[in-house]
Amino acid sequence: MSIYENLNPPQKEAVLYTEGPLLILAGAGSGKTRVLTHRIAYLIEEKGVNPWNILAITFTNKAAQEMRERVDNLVGMGAESIWVSTFHSACVRILRRHIDLLGYDNHFVIYDTDDQKSLMKEVISLLRLDPKEYRERGLMAYVSHAKDSLKTPDDCAKEAGRDENEQKYASAYREYQRLLVKNNALDFDDLLVKTVDLFQKHPEVLEYYQERFRYILVDEYQDTNTAQFEMLSLLAERYRNICVVGDDDQSIYKFRGANIHNILGFEDNYPEAKVVRLEQNYRSTKNILAAANSVIANNTMRKDKTLWTDNPEGKLVAFRQFHNGYEEAEYIAGEISQAVAKGEASCRDFAILYRTNAQSRLFEEKLLTANIPYKLVGGLNFYARKEIKDLLCYLKTVDNARDDLAVRRILNVPRRGIGNTTQERVLAYAAEMNISFYEALRVSEEIPYLGRSQPKIDDFVTFIQSLKTKAESYTVRELLEDIIELTGYRDELIKEGTEEAKSRIENIDELISKAQSYQDAMEEENRPATLSGFLAEVALVADIDSVDDSQDYVLLMTIHSAKGLEFPRVFMAGMEEGLFPGFLGFGKEEDENLAEERRLCYVGITRAMQELTLTCARERMMRGETKFHRISRFVEEIPRELVDMGQKTVEKKPKFDEKYNARTAYAEMKKAFQAKPYEKSEPKKASVKAPCGYDVGDTVRHAKFGVGIVLEIKDGGRDYEVTVDFETAGRRKMFAGFAALQKV
DNA sequence: TTAACAGGCCTTTTT
DNA sequence: GGCCTGTTAA
């Protein structure tokens with residue numbers, strides 16, 4: 001019997017349909033990875049396609065790795081010459097070869113979010129923008145969105161018209177881009193933009209890759225943005241063998257520019273496309289799937305499909321409400337430790353999912369005290385740690401001295417007595433002479449007023465030059481070890497002797513072993529191990545990539561990070577209005593944002609195989625203040641017969657017990673959902689809306705500030721704290737009692 | 001030039 | 001509550 005006999009009919013259809021565009025609408029847990037890998041195997045073994053002609057694109061390295069392994073298992077020979085890669089690393093590989101055609105040096109560096117931020121800060125100061133009004137964050141988001149949709153600074157300027165504010169944004173984008181080019185650096189978005197650029201401006205290059213990638217497969221297609229779409233379109237133009245797999249219900253990256261139209265309109269772009277629906281779920285119990293289906297059914301504008309399963313009914317979906325986040329975390333830690341102690345499950349069976357990274361701390365605390373091994377995914381990326389960035393900046397400097405950011409970062413790390421004033425002077429000189437920062441350092445004797453700092457700069461330059469020479473013969477690992485030794489980086493940390501310093505040393509050792517494993521991996525794939533290559537790989541890892549399925553630990557992560565994974569037992573924490581769904585905005589946006597939050601919830605629920613527990617807290621510390629929350633509407637959207645409300649023992653505080661005892665479990669949930677935010681003492685106000693005479697979104701008048709729009713009304717205990725965006729006076733926070741705002 | 005301190009600001013979500 | 005920034009003192 002062939003391996004293809006194990007597929008269900010639609011799966012088989014998707015595997016066997018090899019020529020021409022194919023859209024696979026794959027519901028959660030419907031075996032899409034299986035289809036993709038079997039399809040690759042089928043192409044090679046049955047259709048005689050050269051593995052060399054296949055490109056498989058995923059979003060994370062982890063997914064790519066998994067796919068590679070599974071393909072390796074199905075296909076004997078030649079699997080290693082298939083390109084299985086993320087969008088970003090595929091782009092790096094292509095650009096490394098050809099980017100000189102666009103005027104860059106092929107040793108370009110990749111800027112991560114931190115680098116982008118520093119660069120943007122520089123833009124703000126260069127353009128003399130008011131840093132209060134123009135924040136890096138906002139500017140970065142603007143630039144990123146422009147790039148996602150393939151808009152150049154010129155396009156943006158044109159679009160901005162006479163709007164002064166818009167013009168400022170466009171010019172910031174222009175300046176930011178100028179600096180990137182000057183530093184011979186590309187940010188994440190550039191990798192895609194420049195690849196598209198390359199294909200469009202150099203047909204001979206495009207043609208080469210079109211010939212090479214005759215069969216293209218794309219995973220998680222619902223999360224592609226316009227730039228990615230364009231790149232795929234260009235590549236697939238010639239042979240039109242493009243197979244995309246996705247689920248519009250799992251589109252959760254709109255904020256990052258994902259264009260849901262790419263999947264919804266696939267048949268418009270490829271009229272001859274075949275569509276296959278995978279609707280049988282192999283992952284979850286009937287109850288979990290029913291819960292997921294009923295939540296997502298509240299979204300309109302989706303491709304019609306209904307997931308079903310042959311799996312057993314399973315347990316009800318559990319719902320527990322707690323007084324605060326501590327009790328919530330304690331409960332979850334307790335449940336896990338009980339199940340593990342009883343031998344019902346191991347740690348690796350569990351995942352705790354939440355909406356925001358900020359929620360992770362409580363779980364960490366409680367798991368730590370309960371002595372449960374866990375792994376936190378997300379938050380601070382390993383490569384974003386100070387000590388790691390410092391060392392990487394040395395490597396970057398050696399690799400590409402045009403990267404001013406890197407050079408400036410390490411100039412005084414470890415301390416060489418070269419301070420800010422000196423750096424400013426060098427910077428001014430470099431700008432004046434139109435040379436890079438490092439070039440300026442090399443000719444420091446020509447820079448006026450450096451005084452006692454000048455010899456120190458010389459020492460630094462000599463040191464870097466010697467590293468550059470070594471880099472020609474050393475491996476990445478050797479070079480790195482040399483840097484650590486010669487800068488005294490490790491010695492300094494040893495001297496410090498604190499717990500923190502110890503963990504930094506561990507991280508440094510970890511970095512060394514990563515350099516080694518890069519070396520090994522490249523050797524295995526028969527590709528040269530280069531410094532640029534290592535730096536690129538390091539820049540493109542996501543935290544999720546480090547998850548090791550064979551290790552026995554509980555996973556803690558955001559729902560976003562959990563996409564594509566599955567766990568026997570899942571906790572979804574913080575199911576509260578205001579947190580999940582979080583801030584929704586107004587008007588048309590509000591509906592769209594809510595829909596996306598709901599899809600996120602759907603993704604979360606469908607991660608669970610056997611057991612799903614939803615939890616929430618009545619009050620929660622957010623940004624340093626206690627907030628009161630109702631139960632998330634998503635919980636309400638699950639039919640009551642699927643939900644187990646649990647025992648009353650969940651309540652620890654007796655005063656709440658009294659209040660809630662009388663009611664049935666579901667009425668309690670209902671009540672809590674409809675009730676106003678819980679108030680501590682003598683509830684005097686009936687609802688959030690009534691007391692002010694105006695609501696969020698209303699236009700109001702203030703005696704001094706004039707007319708404005710209400711952005712937020714927050715229960716501040718004694719009074720309501722109102723945030724208003726005034727036409728003339730800008731954004732203000734005030735207490736409703738004092739402000740005496742009038743609805744207009 | 002560096003370290004220590006006060007105040008503002010923040011929060012989605014990530015390759 | 002904690003991070004980042006800018007200011008100030010040694």
Side-chain angles (χ1 to χ4, degrees), chain A residues 57-64 85-92 110-114 116-118 121 124-125 131-132 135-138 140-141 144 147-148 186-192 220 223-225 227-228 251-258 325 353-362 377-381 383-384 386 412 415-424 451-453 456 536-545 557-564 574 578-585 593 596-597 599-601 603-604 620-627 712 723 731 733:
Chain A
I57 297 264
T58 62
F59 266 80
T60 63
N61 295 302
K62 186 176 194 301
S85 139
T86 64
F87 270 105
H88 293 267
S89 36
C91 288
V92 171
I110 299 165
Y111 274 5
D112 65 17
T113 318
D114 268 1
Q116 291 175 39
K117 210 168 157 191
S118 320
K121 215 179 276 173
I124 292 170
S125 88
K132 287 238 163 59
R135 305 196 169 279
E136 301 105 68
R137 261 190 100 71
M140 281 161 66
S144 179
K147 289 184 177 179
D148 284 345
L186 276 73
D187 65 17
F188 291 140
D189 302 313
D190 270 349
L191 294 174
L192 297 160
E220 307 280 11
D223 288 325
T224 51
N225 62 30
Q228 289 160 333
S251 163
I252 53 173
Y253 282 109
K254 199 183 82 181
F255 72 94
R256 224 172 67 191
L353 308 182
Y354 36 77
R355 181 71 231 294
T356 64
N357 277 310
Q359 288 164 258
S360 65
R361 234 197 66 238
L362 291 177
V377 178
L380 193 60
N381 189 319
Y383 294 101
K386 184 188 172 305
N412 199 30
R415 254 167 232 118
R416 300 188 172 88
I418 307 173
N420 239 328
T421 326
T422 306
Q423 208 182 106
E424 289 295 325
R452 279 168 302 164
S453 300
K456 295 177 194 160
E537 185 158 305
V538 153
L540 294 177
V541 296
D543 213 22
I544 190 74
D545 299 336
M557 63 184 127
T558 61
I559 305 171
H560 279 92
S561 310
K563 193 187 69 171
L579 181 61
F580 191 29
F583 301 110
L584 294 172
N593 291 342
E596 175 129 335
E597 295 276 306
R599 288 193 291 268
L600 189 58
C601 182
V603 167
R620 184 181 294 279
M621 199 68 141
M622 281 170 88
R623 296 192 234 146
E625 54 193 334
T626 306
K627 299 261 218 166
E712 195 191 344
T723 312
R731 200 171 282 199
K733 253 188 198 173

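Chain naming here is simple, since letters A, B, ... match the order of the sequence lines and numbering starts at 1 in each. These numbers come from the heavy atoms of this one structure, side chains and all, not from hydrogens, waters or symmetry mates.
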Assign [X] to base, sugar-phosphate, or nothing according to its heavy-atom contacts below 4.0 angstrom with the strands shown.
X: A:Lys121; result: sugar-phosphate
X: A:Tyr253; result: sugar-phosphate
X: A:Phe59; result: sugar-phosphate
X: A:Asn61; result: nothing

Please report the distance, rounded to the nearest Å, between [atom1] in [X] and [atom2] in [N].
X: A:Leu579; N: B:dT13; atom1: CG; atom2: C1'; answer: 12 Å
X: A:Leu192; N: B:dT15; atom1: CG; atom2: C1'; answer: 9 Å
X: A:Gln423; N: B:dT2; atom1: CD; atom2: P; answer: 11 Å
X: A:Asp148; N: B:dT13; atom1: CG; atom2: C1'; answer: 14 Å
X: A:Ile124; N: C:dT5; atom1: CD1; atom2: P; answer: 11 Å
X: A:Glu597; N: B:dT11; atom1: CD; atom2: P; answer: 16 Å
X: A:Asp114; N: B:dT14; atom1: CG; atom2: C1'; answer: 13 Å
X: A:Lys62; N: B:dT14; atom1: NZ; atom2: C1'; answer: 16 Å

Check whether NZ of the Lys or CZ of the Arg A:Lys117 lies under 6.0 Å from the centre of the six-membered ring of A:Tyr111 and within 45 degrees of that ring's axis.
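No; the conditions do not both hold, so A:Lys117 does not lie above the ring face of A:Tyr111.
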
Under 4.0 angstrom between [X] side-chain N/O and [N] OP1 or OP2:
X: A:Arg137; N: B:dC9; value: no
X: A:Asn225; N: B:dT15; value: no
X: A:Ser561; N: B:dT14; value: yes
X: A:Asn412; N: B:dT2; value: yes
X: A:Arg361; N: B:dT11; value: no
X: A:Thr422; N: B:dT1; value: yes
X: A:Thr558; N: B:dT14; value: yes

Could you go through A:Thr58 and A:Phe87, starting from their C-alpha distance and side-chain angles, then the distance that decides it, and tell me whether this counts as side chain to side chain contact (heavy atoms under 4.5 Å, CB included)?
CA-CA 7 Å; A:Thr58 62; A:Phe87 270 105; over 6 Å; no

State whether the side chain of A:Asp189 and the backbone N or O of A:Asp148 hold a donor-acceptor pair below 3.5 Å, judged by distance alone.
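Not a single qualifying donor-acceptor pair exists.
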
Just checking A:His560 against A:Phe255, ring centres under 6.0 Å apart?
yes

Which of B:dT15, B:dT13, B:dT11 is nearest the side chain of A:His560? It is B:dT13

Taking B:dC10, B:dA3, B:dT1 as options, the one with an atom nearest any side-chain atom of A:Arg135 is B:dC10

Starting from the 5' end of DNA chain B, give me the residue, A:Thr421 or A:Asp545, whose nearest nucleotide shows up first.
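This one resolves to A:Thr421.
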
Name the residue closer to the 5' end of DNA chain B, choosing between A:Asn593 and A:Arg415 according to the nucleotide with the nearest heavy atom.
A:Arg415

Taking atom C1' in both C:dG6 and B:dT11, compute the distance separating them and give it to the nearest angstrom.
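Per the computed distance, 23 Å lies between those C1' atoms.
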
With side-chain hydrogen bond (donor to acceptor under 3.5 Å, both in side chains) as the criterion, how do A:Thr356 and A:Gln359 come out once you've worked through the C-alpha distance, each side chain's angles and the decisive distance to 0.1 Å?
CA-CA 6 Å; A:Thr356 64; A:Gln359 288 164 258; 3.0 Å; yes

For A:Ala562 and A:Leu353, work out which heavy atoms get closest and say how close.
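Reported closest heavy-atom pair: CB-CD2, 3.8 Å.
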
